[in-house]
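Worksheet: the structure to be examined is printed underneath.
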Amino acid sequence: MFFVKDFYSKVYELVFKIPKGRITTYKLVAEALNKRAYRAVGNALNKNPYKSVPCHRVVKSDGSIGGYSRGKRKKIKILRREGITIKNNKIVDFKKLIFNPKNKN
DNA sequence: TCGAATGACAGCG
DNA sequence: CGCTGTCATTCGA
């Protein structure tokens, strides 16, 4: 219940690896794990026991904020604080800010 | 222990 | 715009 699941652990780690001012998508994380569980990834972050995990840096493939347990409003605020510009709940130059966890960057 | 439902999504008709 | 597909977790029996 409060222990790292193999899958979850991967998700948390990847998300945690996201550099500041950069973002990633659920799809990319899932792809990095060689899975298509976009949902599972989102679920992992949703219940993430590691509140330190920057789950706010994970957005949808559309570039939209998606959702946030604390309210997307807060998510946007945090992202803006990170230096990311949000417009109409969408990330500006979202494609440029995408961080590929699989890229072992 | 097994089955069904849920969820911060994605892709296609 | 709406339905279906995919994966893991959780709830219920």
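Values in this document were obtained by computation on a predicted structure and should not be read as measured data. A note on names: the letters A, B, ... follow the listed sequences, proteins ahead of strands, and every chain is numbered from 1. Both backbone and side-chain heavy atoms feed into the values below; hydrogens, waters and symmetry mates do not.
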Between Val41(A) and Lys60(A), which is nearer to the 5' end of DNA chain B once each is assigned its nearest nucleotide? Val41(A)
Hey, does Leu97(A) have a side-chain heavy atom less than 4.5 Å from the side chain of Val92(A)? no
In this structure, how many angstroms lie between the C1' atom of dT9(C) and the NZ atom of Lys10(A), rounded? 19 Å
May I have the distance from Lys27(A) (atom NZ) to dC7(C) (atom P), rounded to whole angstrom? 14 Å
Of the nucleotides dT9(C), dA10(B), dG7(B), which has the atom closest to the Tyr8(A) side chain? dT9(C)
So Lys47(A), base contact, sugar-phosphate only, or nothing? Heavy-atom distance under 4.0 Å. sugar-phosphate
Mind checking who dA8(B) pairs with, Watson-Crick or G-U wobble, both distances under 3.5 Å? none
Non-hydrogen side-chain atoms of Tyr38(A) and Lys60(A) separated by less than 4.5 Å: no
Rounded to the nearest angstrom, tell me the gap between atom CG in Asn43(A) and atom P in dC11(C). 12 Å
Rounded interatomic separation in angstrom, taking NZ from Lys35(A) and P from dT6(C): 15 Å
Separation of dT9(C) atom C1' from Leu45(A) atom CG, nearest Å, is 14 Å
Base, sugar-phosphate or nothing for Ser61(A)? Non-hydrogen atoms, less than 4.0 Å. sugar-phosphate
Closest to side chain of Ala37(A), choosing from dA10(B), dC7(C), dA8(B): dC7(C)
Across all strands, who's sitting opposite dT6(C) as a Watson-Crick or G-U wobble pair, both distances under 3.5 Å? none
Does any non-hydrogen side-chain atom of Leu79(A) lie less than 4.5 Å from one of Ile23(A)? yes
What is the distance, to the nearest angstrom, from the CG atom on Asn46(A) to the P atom on dA5(B)? 21 Å
Classify the side chain of Tyr68(A) and the base of dA8(B) as holding, or not holding, a donor-acceptor pair under 3.5 Å. no
If hydrophobic clusters are built by linking Ile, Leu, Val, Met, Phe, Trp and Tyr wherever their side-chain heavy atoms come under 4.5 Å apart, do Phe7(A) and Leu45(A) end up in the same one? yes
Measure CG/Leu33(A) against P/dA8(C) and give the value in whole Å, please. 10 Å
Round to the nearest Å and state the distance from Tyr38(A) atom OH to dT4(C) atom C1'. 13 Å
Heavy-atom check, side chain of Asp62(A) versus side chain of Lys90(A), under 4.5 Å: yes
Return the nearest nucleotide to the side chain of Arg36(A); candidates are dA10(B), dT6(C), dA8(C). dT6(C)
